[in-house]
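In what follows, every heavy atom counts, from backbone to side chain, and hydrogens, waters and symmetry copies are set aside. Residue numbers start at 1 and run along the sequence shown. Keep in mind it's a predicted model, so treat the numbers as computed, not measured.
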Amino acid sequence: MLAASTQSISAELRHRFESAKRVLVLTGAGVSAESGVPTFRGGGNSAMWKGVPFDVISSATMVERDLQAVWEWFDYRRNLLAELQPNAAHFEIARWQNQFEQCTVVTQNVDGLHQKAGARDVIELHGSIWRARCISCNARYEIQLDKRRSELCIACGDRLRPDVVLFGEILPPGAFEVAAERASECEVCFVIGTSGIVYPAAGLPEIAKSAGAYLCEVNPELTPLSGLCDAVLTGKAGEVLPLLK
Ligand code: BV8
């Protein structure tokens, strides 16, 4: 596959991009890859943690079995993020929110880099690595790198866990519903940097498509969602998104 270039931006895509009023952007780990954040399935060292596959360590059963190990895994990833900055893709997507009448950013990522790039009202389908929540009363606590992470809930005294949606867990109440509604209203849906296999997130482009939206995927590789898309831009998000300017 040839890398996307200005030439591969079809007249149709450019027209759709320039005339859209409502846009939905679904991102996955690939949008943060050029910031240095390892992806889950495209290699990188986050696919395993101390010999445990990430979809095991990032699972609801692991919280019950070994909460300390789950904290170690997320503390490690959070510390990795400390030095990392948003890349051109995050900044372009944030800029789109000033370009379109409505541009909804929905992410599967927990890294907070969209917000760091200036994106507003980001829908974090899988929660945030920068928050902890009480396993009993659901009280939430911000986690800052320069402060020791609290272990126990101030409100009820029970243990805290990462405020992240793990495999086998339901998404934050309302997050998917709002995202699905915006997907059913958008004219253009961008699918950026996701392998498109984790549900229900990967169902959003399908909702947009069935509601008549024009779909554009941005990914160096083809995914199970590529066939659904009207345009597939093969390349790195940080290099491709600025070509749409
Ligand atoms: C749930 C935790 C109710 C946070 C994660 C149908 C409906 C509902 C659920 C299911 C279903 N079928 C199966 C399920 C269960 C499961 C699921 O989807 N399993 C899959 C694996 C089959 N879903 C759930 O458990 C969800 N819960 O629905 O609750 C329920 C429960 C059980 C059963 C039924 C219903 C919860 C899902 C959330 C799980 N938590 N992580 C964290 O640790 O970060 S998921 C994990 O995968 C991450 O959050 C990640 O965001 C997500 C998706 O991965 P991607 O973001 O796509 O990243 P990946 O590495 O895979 O791909 C990167 C892509 O980028 C690649 O394509 C690569 O080519 C590309 N790329 C690389 N570089 C670049 C690039 N692209 C652009 N530019 C670049 N430079």
Side-chain angles (χ1 to χ4, degrees), residues 24-32 35 37-41 46-47 49 53-82 84 86 90 93 104-117 119-145 147 149-155 158-183 192-204:
L24 182 116
V25 182
L26 171 67
T27 65
V31 81
S32 298
S35 296
V37 184
T39 58
F40 292 94
R41 298 171 183 87
S46 71
W49 169 251
F54 92 89
D55 52 356
V56 172
I57 188 78
S58 271
S59 69
T61 41
M62 205 61 184
V63 170
E64 287 141 33
R65 194 183 330 148
D66 189 348
L67 179 57
Q68 186 49 38
V70 175
W71 268 121
E72 272 182 43
W73 159 233
F74 282 97
D75 289 346
Y76 158 75
R77 286 171 63 193
R78 196 178 317 105
N79 289 322
L80 196 69
L81 277 165
L84 303 184
H90 295 110
I93 293 167
T104 304
V105 180
V106 184
T107 189
Q108 300 169 85
N109 301 338
V110 298
D111 57 30
L113 289 178
H114 280 300
Q115 294 91 323
K116 212 169 176 181
R120 303 180 302 277
D121 308 323
V122 177
I123 299 177
E124 295 177 311
L125 293 177
H126 297 161
S128 171
I129 203 164
W130 298 105
R131 272 196 318 269
R133 93 165 175 267
C134 175
I135 58 172
S136 293
C137 73
N138 273 335
R140 283 172 167 76
Y141 300 87
E142 291 302 316
I143 301 175
Q144 277 134 359
L145 273 170
K147 282 193 197 135
R149 169 175 59 73
S150 39
E151 307 270 347
L152 298 176
C153 176
I154 299 169
D158 207 338
R159 290 170 302 156
L160 300 182
R161 52 157 290 167
D163 189 20
V164 165
V165 180
L166 304 177
F167 283 103
E169 295 186 326
I170 56 170
L171 274 57
F176 185 75
E177 292 75 4
V178 172
E181 188 185 340
R182 296 288 176 81
I192 303 172
T194 181
S195 55
I197 60 171
V198 172
Y199 281 82
L204 288 169

Query raised in the report: Between E72 and A69, is there a donor-acceptor pair closer than 3.5 Å when you use the side chain of the first and the backbone of the second?
Result: no
Query raised in the report: In Å and rounded to the nearest 0.5 Å, what is the CZ to OG distance from R78 to S128?
Result: 9.0 Å
Query raised in the report: Does the side chain of I129 reach to within under 4.5 Å of the side chain of D163, using non-hydrogen atoms?
Result: no
Query - Exercise: identify the closest heavy-atom pair between L160 and Y141 - result: CD2-CE1, 3.6 Å
**Report entry** Over 12 foreign heavy atoms within 6.0 Å of CZ, R159
**Finding:** no
Query - Electrostatic pair E124:R131 at N-O distance under 4.0 angstrom - result: yes
Requested in this report: Say whether T194 and Q108, considering side chains only, have a donor N or O and an acceptor N or O under 3.5 Å apart.
Outcome: yes
**Report entry** Nearest heavy atoms of L84 and K116, plus distance in Å
**Finding:** O-NZ, 3.3 Å
Report task. Kindly state whether the ring of F54 and the ring of W49 have centres lying under 6.0 angstrom apart. Result -> no
Query - Lys/Arg N to Asp/Glu carboxylate O, E169 vs R161, below 4.0 Å - result: yes
Query - side chain to side chain contact (heavy atoms under 4.5 Å, CB included) between W130 and L81, worked out - result: CA-CA 10 Å; W130 298 105; L81 277 165; 3.9 Å; yes
Query - Side chain proximity check, L204 to F176, heavy atoms < 4.5 angstrom - result: yes
Report summary line: Residues P38 and L80: closest non-hydrogen pair is CD-CD2, 3.6 Å
**Report entry** Distance, nearest 0.5 Å, that separates CZ of R140 from CG of N138
**Finding:** 5.5 Å
Query raised in the report: Can you find a pair of side-chain heavy atoms, one from D121 and one from V105, that are under 4.5 Å apart?
Result: no
Report task. Start with the C-alpha gap between S32 and D111, add the side-chain angles, then the distance that decides, and say whether side chain to side chain donor-acceptor pair (under 3.5 Å) holds. Result -> CA-CA 8 Å; S32 298; D111 57 30; 2.6 Å; yes
Report task. Dump the intermediate steps for side chain to side chain contact (heavy atoms under 4.5 Å, CB included) on I123 and T104, then the final yes or no. Result -> CA-CA 8 Å; I123 299 177; T104 304; 3.9 Å; yes
Query raised in the report: Counting distance only, does the side-chain N/O of T107 pair as donor-acceptor with the main-chain N or O of N109 below 3.5 Å?
Result: yes
Query raised in the report: Are any of the side-chain heavy atoms of V178 and E181 separated by less than 4.5 Å?
Result: no
Report task. Starting from the C-alpha separation in whole Å, work towards a yes-or-no answer on side chain to side chain contact (heavy atoms under 4.5 Å, CB included) for E177 and L171. Result -> CA-CA 10 Å; E177 292 75 4; L171 274 57; over 6 Å; no
Report summary line: Nearest heavy-atom approach of V165 to I170 is CG1-O, 3.6 Å
Report task. Could you walk me through whether F167 and T61 pass side chain to side chain contact (heavy atoms under 4.5 Å, CB included), step by step? Result -> CA-CA 9 Å; F167 283 103; T61 41; over 6 Å; no
Report task. Would you check if C153 and C137 make a side-chain contact, meaning some heavy-atom pair closer than 4.5 Å? Result -> yes
Query raised in the report: So H114 and H90, would you call those rings parallel, tilted or perpendicular, with 30° and 60° as cut-offs?
Result: perpendicular
Query raised in the report: Would you say F40 and D55 make side-chain contact, with heavy atoms under 4.5 Å?
Result: no
**Report entry** Minimum heavy-atom distance between P172 and L125, given as atom pair plus value
**Finding:** CD-O, 3.0 Å
Query - Donor-acceptor contact below 3.5 Å, side chain D66 vs main chain M62 - result: no
**Report entry** Flag side-chain contact, heavy atom, 4.5 Å: V106 against V25
**Finding:** no
Report task. Indicate the atoms forming the closest heavy-atom contact of V70 with P162, along with that distance. Result -> CG1-CG, 4.0 Å
